[in-house]
Amino acid sequence: MFDFISPHDGPVVVGLEEFETTYAKNQPQYRPLRTLPGRNGDSAISRFHLTDAQRKAIAEGADIYLELLHFRGPLAPSLMMVMSEPADTDSFRAWWRAQTSGPYPVKTIAKSENTTGSHDGR
């Protein structure tokens, strides 16, 4: 299997949309990429979506490759993060803040009693 992983079709983190920057929004030759600042503004973090076939391939041992565009400048070390907790939970928000040192407040979200918080596979 060879396939491209697509950027998530929605906010990087629910509730932090006002801090997002979207790159290539009006450039049809590229995929739009929503990002949040990380490392006190020195990096940009994005969220990607895996298809069921991609998830299956990874579970069976497929590797993930990352292409970084450096525009002939220095390339800084980068990270790829995996989080199984849904992005709209308080535990995810605490993890996110600790991992990214993002320069924005991470507020808790009150959920209704009917919300289970279960992960829908995205």
For F4 versus Q54, what's the shortest heavy-atom pair and its separation?
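In this case the closest contact between F4 and Q54 is O-NE2, 2.9 Å.
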What pair of heavy atoms forms the shortest contact from P32 to P7, and how long is it?
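Heavy-atom minimum between the residues: O-CG, 3.7 Å.
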Hphob cluster co-occupancy, L66 + I58, side-chain heavy atoms under 4.5 angstrom
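Yes, because L66 and I58 connect within a single hydrophobic cluster, where side-chain heavy atoms sit under 4.5 Å apart.
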Looking at Q29, I want to see if its CD is surrounded by more than 12 non-hydrogen atoms of other residues, nucleotides or ligands under 6.0 Å.
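Above 12, so yes.
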Step by step, work out the side-chain contact (heavy atoms from CB on, under 4.5 Å) result for H49 and D9.
CA-CA 8 Å; H49 172 75; D9 186 22; over 6 Å; no
Distance-only, no hydrogens or angles: does the E17 side chain make a donor-acceptor pair with backbone N or O of G15 under 3.5 Å?
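Yes; at least one donor-acceptor contact below 3.5 Å.
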Can you tell me how far [atom2] of [Y] sits from [atom1] of [X], rounded to the nearest 0.5 angstrom?
X: L16; Y: I45; atom1: CG; atom2: CD1; result: 11.0 Å
X: T35; Y: R47; atom1: OG1; atom2: CZ; result: 14.0 Å
X: I5; Y: R31; atom1: CD1; atom2: CZ; result: 10.0 Å

May I ask you to test the F48-L33 pair for a side-chain heavy-atom distance under 4.5 Å?
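Side-chain contact under 4.5 Å: yes.
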Within-4.5 Å side-chain heavy-atom neighbours: D3 and M1
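Yes, at least one pair of side-chain atoms sits under 4.5 Å.
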Residue pair R34 / S46, side-chain donor-acceptor N/O under 3.5 Å
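S46 and R34 do not have a side-chain donor-acceptor pair below 3.5 Å.
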